[in-house]
Amino acid sequence: MAENSCELFDSGHRACGGCGAALVSRLLLKATGKDVIIVSATGCMEVFSTPYPETAWKVPWIHSLFENNSAVASGIEAALKKQGRKEKVVAIGGDGSTFDIGMLCLSGAFERGHDFTYICYDNEAYMNTGIQRSGATPYDASTTTSPAGKCSKGNNRPKKDLPQILAAHGAPYVATASIAYPSDVVKKIEKALNTPGPCYVQIHAPCCTGWGFEGEKTLAIGKLAIETGLWVNFEMENGVVTRVKKVVRKPVESYLKEQKRFRHLFKPKINAEEIAKIQAIADKNAEKYGTDLKLKSKSGPVVP
Amino acid sequence: MAENSCELFDSGHRACGGCGAALVSRLLLKATGKDVIIVSATGCMEVFSTPYPETAWKVPWIHSLFENNSAVASGIEAALKKQGRKEKVVAIGGDGSTFDIGMLCLSGAFERGHDFTYICYDNEAYMNTGIQRSGATPYDASTTTSPAGKCSKGNNRPKKDLPQILAAHGAPYVATASIAYPSDVVKKIEKALNTPGPCYVQIHAPCCTGWGFEGEKTLAIGKLAIETGLWVNFEMENGVVTRVKKVVRKPVESYLKEQKRFRHLFKPKINAEEIAKIQAIADKNAEKYGTDLKLKSKSGPVVP
Amino acid sequence: MLEITEGSHAVAKAVKMSRPQVIAAYPITPQTHIVETLADMVANGELDAEYITVESEFSALSACIGASAAGSRTYSATTSQGLALMFEVCFNVSGMRLPIVMTIANRALGAPLSIWNDQQDSISLRDCGWIQFYAEDNQEATDLHYIAYKVAESVEVLLPAFVCFDGFILSHTYEPVDMLSQEDVDRYLPAYKPFQKLDSDDPISMGMYATPEYYLEFRYEHDQAMKRAKDVISKAGKEFGEMFGRDYSALVEGYRLEDADTAIVAMGSLCGTIKDSIDEMRLAGKKVGLLKIRCFRPFPAEEIRNALSHVKRVAVLDKNVSIGAKGAVAIEVRDALYGKTMPVLGYILGLGGRDVRISDIKNIISLAESGKGDQFYGLRTEVL
Amino acid sequence: MLEITEGSHAVAKAVKMSRPQVIAAYPITPQTHIVETLADMVANGELDAEYITVESEFSALSACIGASAAGSRTYSATTSQGLALMFEVCFNVSGMRLPIVMTIANRALGAPLSIWNDQQDSISLRDCGWIQFYAEDNQEATDLHYIAYKVAESVEVLLPAFVCFDGFILSHTYEPVDMLSQEDVDRYLPAYKPFQKLDSDDPISMGMYATPEYYLEFRYEHDQAMKRAKDVISKAGKEFGEMFGRDYSALVEGYRLEDADTAIVAMGSLCGTIKDSIDEMRLAGKKVGLLKIRCFRPFPAEEIRNALSHVKRVAVLDKNVSIGAKGAVAIEVRDALYGKTMPVLGYILGLGGRDVRISDIKNIISLAESGKGDQFYGLRTEVL
Amino acid sequence: MRELRIHGRGGQGSVTAAELIAVAAFEGGVYAQAFPAFGVERRGAPVQAFVRFNDHVIRLRSQVYEPDYIIVQDSTLIKDVNVFLGVKPGGIVIVNSGKKIDASVPAGVKLITIDATSIALEVLGLPITNTTLMGAFAAASGEIKFSALENALRHRFPGELAEKNIRAALKAFEIVKGGA
Amino acid sequence: MRELRIHGRGGQGSVTAAELIAVAAFEGGVYAQAFPAFGVERRGAPVQAFVRFNDHVIRLRSQVYEPDYIIVQDSTLIKDVNVFLGVKPGGIVIVNSGKKIDASVPAGVKLITIDATSIALEVLGLPITNTTLMGAFAAASGEIKFSALENALRHRFPGELAEKNIRAALKAFEIVKGGA
Amino acid sequence: MALGIGCSSRPGKAGNNKTGSWRVFKPIFDHDKCTKCGMCKTICPEGCIEESEDDFFIPDETYCKGCGICAEECPSDAITMEQEEK
Amino acid sequence: MALGIGCSSRPGKAGNNKTGSWRVFKPIFDHDKCTKCGMCKTICPEGCIEESEDDFFIPDETYCKGCGICAEECPSDAITMEQEEK
Ligand SMILES: Cc1ncc(C[n+]2csc(CCOP(=O)(O)OP(=O)(O)O)c2C)c(N)n1
Ligand SMILES: Cc1ncc(C[n+]2csc(CCOP(=O)(O)OP(=O)(O)O)c2C)c(N)n1
Ligand code: SF4
Ligand code: SF4
Ligand code: SF4
Ligand code: SF4
Ligand code: SF4
Ligand code: SF4
Ligand SMILES: [Mg+2]
Ligand SMILES: [Mg+2]
């Protein structure tokens, strides 16, 4: 048995091969070290890591429900404060638990200003239950509850802007990251842990099973999301964007066409109109966050 | 019996004399007219207007719970759409139901983009249950769950910025108003009703009982809130502030000292430190929204 | 037409043919296949309904309240944690007398979390004023949806209904189901005519609060409606039988019970396994029979009393437990039989997906014969 | 020391003296005075606890989970809609075996909304694996909090507990209560020593999920803990009696029951009115007695059976109804008495704040004597 | 067992009056129980509160239907609420009024009117009559000693406020004692 | 009643195979029941699915413990899972493998190995073996007619995909038929 | 009277609750000062100020709670609150 | 074995689940190409790549699911995936 003492997240967990969320678990514990208490919401991560009695977590870990990790974390933080203990408190949940069903507890905990870090591993749908749409599902992605079909082009709502929403709650530190850039993930989590008050880090965690690509491409897909501007890596401090990952942008097709969830945009024939809408989302992101790397040449943003 | 056909909100309701929320009900129905369906959350307004069988509402009205008016409204909107009906849908709730316990359903409904208007009558605490703190309670206000005391100066959190939060949800129209300016309230509700998608209007509704002032002062207190910059009347369209009520600002004391909930800041002795913090909140509001009316003289903002 | 299909798909088809106008549901294992199928039907234009992808079960059922109050036929589905999260809303729906139908793909309730089958979820909502049907197989699960709508919407009743079927065990099982045609369904279940609705041309206030002057009477009326539902269910079940050959007029159903010494009482898919067990035991000369409870709310106390009056002993199988007491079915069956003298013994089994086999049923009969009961059955003592 | 005080204040003082380290609660009538008093104590430095003003009951109890799991003694209070909203969390707390104590100021459940008293709220959570105490008066309400913590935290039990007392009727009533001193409480209820906790020096995973290999056994263990709680309650109640003169060792308590022909069974504040009624009826020569159920979970079936074996008839008063069935207490009492022959009749009364008077109790005894029961009592037929 | 019903309006302190009367009675060795008519009434709306007095523990939890004593905080209530409903023969009704009451009290019931508003305005500077009427009640009923009332008021209100209320109560106490 | 157990890995289509076998059996007039071993298994993890065949309605709802037939989609499973557990004497085990299996089958049980992966790769261009193994099962068990299998596949998969799968299944069918 | 199914009711009964009885002070309108601006009607939380035939505004005593807002807000100081003798 | 109260457990048992059995392809590390950059270890979702005594990186076959990420991401193309014969 791999008794690897530096590795706080154990092998033997049940994630799909190539799971982005599993990598989040590992990076998270790398950032926190052992003096942490993790509160996990129901979802893939909880399910693949904690069938009784085989927990993969070597730090204190608790799961209660799908909707309440922020509230459980609030209670832990209060107890630690009362007991004079110094562990950091981290709540982690998937996008479903974070964007949707957990919003009540999340909004409440941020409003109250507890000192904890909330991590959302964002695989852009409810994966554990079989790939249903969440508030984080991108525009036009086909899921089992937003299927592409004769009268549907997939999910018809834009991705909810949770970082902005939590920044509007007065969160001192809000950041986005991607497992495609592991050290950036670790750095941002560390920064969140060391910032007093409720902090939020949303980590893009591609899901081979749910998005429809081969497991080996997990990081590659994550990179493409950033390179096309459909995912922006940034930091916000006290509501102000302070750091953005700049890129030389690629057209969104290069990201979309790699994934089954967008296949209906290409087959039976290319749906240029919808792809243009998605391109517009990327363009808006780029503009809003100023992600475009100005090349030395004066040709402007490299959007074809 | 007053059978007043133009008046869609009936006399005989049980609000305290001088209730700001009661005035909101009346102004709301003035703005909506009869072709509307109202969804009301539990709270003072629901309780003072609908003890069986004495409803004060002459338009279709439904109450289900304290936390779900947005979701009920979502269902109504969907049903009307399916049935090809044209009534407007309005969800209304107090600040407790809106800022706190209703956040799950509210955030979900805004994320899904239903075509309805959400009205929050903001009396800055849970009044129906006896003046407990909500996420909308202003800094330092003494309530029964954030009482001023030896170790407490009242509510220790700033007011949650729900307009900004809902704007970050992509709401096309978000506005604040005050019963102190009745026609502005009506105008903003009308605008919200006529803007497709989920719109939000937050109406300052001073509560004589909960804040501790005489009922006749309800509008006067509302005006003071605006004149001191502790409440800002503004409109946001697609996330951008498009209109702000400008004022010649008064110091916050003039507002605070009129209300029992802030009495501990003045008695037994003036707590200048805390008042300065509240003044800073007003100053920040003024700066953020640009509320200060520049007088002809070049003396700058009239903040002493 | 007899076709072989997954339970969830059969249910989804039945729902579709019931022509709901608004569907609001939130995914949860093992209910997902139902709502995914419905989403697909909507996406492909096969079902002309508003499908609301809510952010939680709390909103799912709340949106149903809105839609139903606005006069649309309304549907949802859930299970376990999802149903638990709806608890407050469930009491609300029934008290508001909105005839919503909701499928429950029965699953255990946490903690500990379990996605597997038992009936704790719907059983623990037995007070909430909804009709509760339990299906033995996917044929019943399917048919009960039509009946549920018909009963729920009847003016004598005006109550919401759960159609419960065992998660995975039925929901994920392919088996032959005789599906009605749309025309058949339309004949049986005509277009929805709401008793009252939110309508600006005829405004009413719904969901008002009741002072002590009125509250007791509202609860009484609610309870009376549930009691009236018994007859309405019988009639609707009979009519169904007359039209389509499968009679559901009985709220409880006996199997080889007439001459039985030992009666088993059970609900849901367990009944199938029990029937096979009974056949085997009968071959071995044991006079065992089954009383299946198809409708748990309204509770058919009299029917149970009549059906069991002649047996020597009763073994009640519960896929639930009221911690600190017993299984809920056992408690209520004993209540129904109060005054009788034969032993009525309860067995709590199959919780959280623990498989129940023919041999288990036989063991239980042995236990019952030796007077042992009111216990958990099937414990792996090695892990205790 | 005997002092006259409001029920809610007495409870708040008892809570304070129990030294909770974390309190998370959400206001709801008629629980508010308790949590307001606690907030005030914290604001004035009389109580050194973290007081979390959560945004909902769902979070209130969830925060308690976190605090309790992190090793702090934890408290909450709620009622009605608030408790209903906690339903899913309640099952979670108990399954996670966290010894949280929560006061329930009993109130009716909507729809229709009602802020007034009955016991539908906690009764409808009877499956959820919490200990349930019901107080007759504010003395009991107060004392039961110490006992609740002691029992809940005992290693043989490790279960959460509701202390239920009737909303308004007790919570808002001033009456004399003998309050313990802090020293007394500290002697009876020592500082909290968690059985296990989240701790980076000794990490564990809590709230894992259970596959079908384990789930049944976890539920069994939960049920066993509840059964063990019976003895632990008796012991803790006896110890309380020995230390402070009020003995709570019995889970059920008789009043003039020894020679009664007719026994009334009831819970909560109704018992006071019933006792006065019994005294009057006794004067008129009627042999009536009361069996008060103080602890409804674990359900004291044997104790009830023993206490009632000699009576000629039983009238069970329920301030709740399982719609489509009966009152929950009546059902379980009949279950407990199964095999007996005296009539056991149920009366559903006092819902949503309908006042219950001595004359009502007398009427019910008449009804019971004439064999009429299993009905709602006290309907205003003029509004039906 | 004796029972008292207090009629007032939301905001007039009827519930506080009931509580303080119970506290005072308890100090005098009487077992007392005080509770409001539970409702959702808001400022201005008619409300009620109750007190029971007994020699031993009070177990009864129903509302009060046949009071021995009635206090009416505001004579304007008489028009809208049947404040005398159920009063026991031999009972005492205390009405705050500066004028004669034209409503007819049931036979055998003693009616005391006292201008508590004027007293309160004079002594407290506010038209808050609940404590004043407590003094009247103490004098009329004999259920509570004035000294106990003093203690109860001192316990509830801080410093000078308590003293003022005591003075108002005493004034009413003396008027009623004198008049009786 | 006959029972079949299919062993595979998450993502290999074992549940689909069970369903389609049931569909085909049903077409042949047999009452069939198919269901997965309900679990939380993810892509790659060992999974199971079951089919029952009967002449009349199947009421039994327990899992399959003593199968008449076993299909093993992936011979690497044999090392980690006891795939032969409970197999009935006289039963048939079909293992996808290009090589001889070294695991010992219980006595009286017929072992058929077939290189479904190669067939699938060849015909479908993908190593997805479930449909191929259905063909082998049809031939070995006689529970389903090949024509019924064809219909089931055509019903489930669109156009050319169905035809390809049918070709793969047929190839396996013929191999097993030939070998049998 | 039958109960409204699900605790529902048609409008029209709120007026049964005559909130005029709550009143301690009563607004007295001075028509000489009144400019008929209508503000009082707009802001009365009871909605109980009516326009009379001659365009003046008068409170409906059946419902006026005497809150005094109209008096406070009347731009012409045309309303005064007087303690009421009932 | 007694159940962990409340479905709790100490760490250490996850490894009982030998996910190596899920593997179809197997990563082969070419130590000649390897620059010892450590990327593979960082990004393996199984956390099953170890640094050996000689600073090279090797996958733990007991747990490696054969996802191929390491091969895909290795900056030196030092890892190749091969179908495994078990
Ligand atoms: C109240 C409740 N509703 C639904 C579920 C079912 N459920 C469990 S996990 C899950 C989806 C999780 O999605 P997400 O949070 O995005 O995590 P992921 O599985 O994608 O990692 C759902 C719907 C539940 N456990 N509880
Ligand atoms: C689930 C639930 N929790 C608590 C309550 C109790 N409650 C009813 S209204 C209310 C406060 C309402 O506050 P707000 O929304 O601000 O309206 P207001 O009363 O101030 O007008 C509370 C806490 C409830 N009805 N339901
Ligand atoms: S479904 Fe996606 S998120 Fe879940 S374990 Fe598999 S790869 Fe990871
Ligand atoms: S408490 Fe405040 S909000 Fe409620 S009715 Fe009275 S004045 Fe209006
Ligand atoms: S507000 Fe004053 S001036 Fe205007 S209409 Fe009313 S009374 Fe007349
Ligand atoms: S006093 Fe108040 S209630 Fe009366 S008319 Fe004026 S504003 Fe309306
Ligand atoms: S990623 Fe490649 S080069 Fe880097 S350590 Fe691993 S095998 Fe070597
Ligand atoms: S193939 Fe995947 S699981 Fe195996 S070592 Fe490489 S990254 Fe880790
Ligand atoms: Mg997700
Ligand atoms: Mg409020």
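Not measured: the values here are computed from a predicted model. Residue numbers begin at 1 in each chain, while the letters A, B, ... track the order of the sequences.
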Just by distance, which donor-acceptor pairs between chain B and chain C come in under 3.5 Å?
residue: B/Asp35; atom: OD1; partner: C/Ser200; partner atom: OG; Å: 3.2
residue: B/Val47; atom: O; partner: C/Tyr209; partner atom: OH; Å: 2.8
residue: B/Thr50; atom: O; partner: C/Tyr209; partner atom: N; Å: 3.3
residue: B/Tyr52; atom: N; partner: C/Tyr209; partner atom: O; Å: 2.8
residue: B/Thr55; atom: OG1; partner: C/Ser205; partner atom: OG; Å: 2.6
residue: B/Trp61; atom: N; partner: C/Ile204; partner atom: O; Å: 3.1
residue: B/Trp61; atom: O; partner: C/Met206; partner atom: N; Å: 2.8
residue: B/His63; atom: N; partner: C/Met206; partner atom: O; Å: 3.0
residue: B/His63; atom: ND1; partner: C/Gly207; partner atom: O; Å: 3.0
residue: B/Ser64; atom: O; partner: C/Asn92; partner atom: ND2; Å: 3.1
residue: B/Ser64; atom: OG; partner: C/Asn92; partner atom: OD1; Å: 3.0
residue: B/Asn68; atom: ND2; partner: C/Ser62; partner atom: OG; Å: 2.9
residue: B/Lys82; atom: NZ; partner: C/Asp48; partner atom: O; Å: 3.4
residue: B/Gln83; atom: NE2; partner: C/Ala70; partner atom: O; Å: 3.1
residue: B/Gln83; atom: NE2; partner: C/Ser72; partner atom: OG; Å: 2.8
residue: B/Arg85; atom: NH1; partner: C/Ala70; partner atom: O; Å: 3.0
residue: B/Arg85; atom: NH2; partner: C/Leu198; partner atom: O; Å: 2.6
residue: B/Glu87; atom: OE2; partner: C/Ser200; partner atom: N; Å: 3.0
residue: B/Glu87; atom: OE2; partner: C/Ser200; partner atom: OG; Å: 3.1
residue: B/Arg112; atom: NH1; partner: C/Glu55; partner atom: OE1; Å: 2.9

query: Does C/Ala148 have any side chain to side chain contact (heavy atoms under 4.5 Å, CB included) partners at least two apart in sequence or in another chain, and if so, which?
result: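 Checked C/Ala148 against side chain to side chain contact (heavy atoms under 4.5 Å, CB included); matches are C/Val101, C/Phe133, C/Ala161, C/Val163.
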Sequence neighbours excluded and cut-off under 3.5 Å, please list the side-chain donor-acceptor pairs for residues 197-208 of chain B, or say none.
residue: B/Tyr200; atom: OH; partner: B/Gln202; partner atom: OE1; Å: 2.5
residue: B/His204; atom: NE2; partner: B/Glu124; partner atom: OE2; Å: 3.1

- prompt: Which one, B/Ile37, B/Val89, B/Leu80, B/Leu65, leads in non-hydrogen pairs under 4.5 Å with chain C?
  reply: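 Of the options given, most contacts go to B/Leu65.
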task: Specify which of B/Pro60, B/Ala79, B/Cys105, B/Ala73 makes the most heavy-atom pairs with chain C at under 4.5 Å.
output: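 Answer, by heavy-atom pair count under 4.5 Å with chain C: B/Pro60.
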To the nearest 0.5 Å, tell me how far [X] [atom1] sits from [Y] [atom2].
| X | Y | atom1 | atom2 | answer |
| --- | --- | --- | --- | --- |
| C/Leu83 | C/Leu61 | CG | CG | 9.0 Å |
| B/Leu162 | B/Leu106 | CG | CG | 6.0 Å |
| B/Leu193 | B/Leu28 | CG | CG | 8.0 Å |

- prompt: Can you name the closest pair of heavy atoms from C/Ala84 and C/Leu109 and give their distance?
  reply: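 Closest approach of C/Ala84 to C/Leu109: CB-CD2, 3.8 Å.
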query: What closest approach, in Å, do B/Val59 and B/Gly33 show between heavy atoms, and which atom pair accounts for it?
result: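 Closest pair (atom of B/Val59, atom of B/Gly33, distance): CG1-O, 4.1 Å.
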Salt bridge flag under 4.0 Å for residues B/Lys159 and B/Asp122: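 Salt bridge: yes.
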- request: Under 4.5 Å heavy-atom distance to chain C, tell me which part of B/Leu104 shows up: side chain, backbone, both or neither.
  value: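 Both backbone and side chain.
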Engaged part of [X] at the chain B interface, taking heavy atoms whose separation is under 4.5 Å:
| X | answer |
| --- | --- |
| C/Val89 | both |
| C/Val54 | both |
| C/Leu198 | both |

query: Please, which pairs that meet salt bridge (charged side-chain N to carboxylate O under 4.0 Å, His left out) have at least one residue in residues 190-209 of chain B, sequence neighbours excluded?
result: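 Residue pairs passing salt bridge (charged side-chain N to carboxylate O under 4.0 Å, His left out), neighbours aside: B/Lys191-B/Glu235, B/Lys191-B/Glu237.
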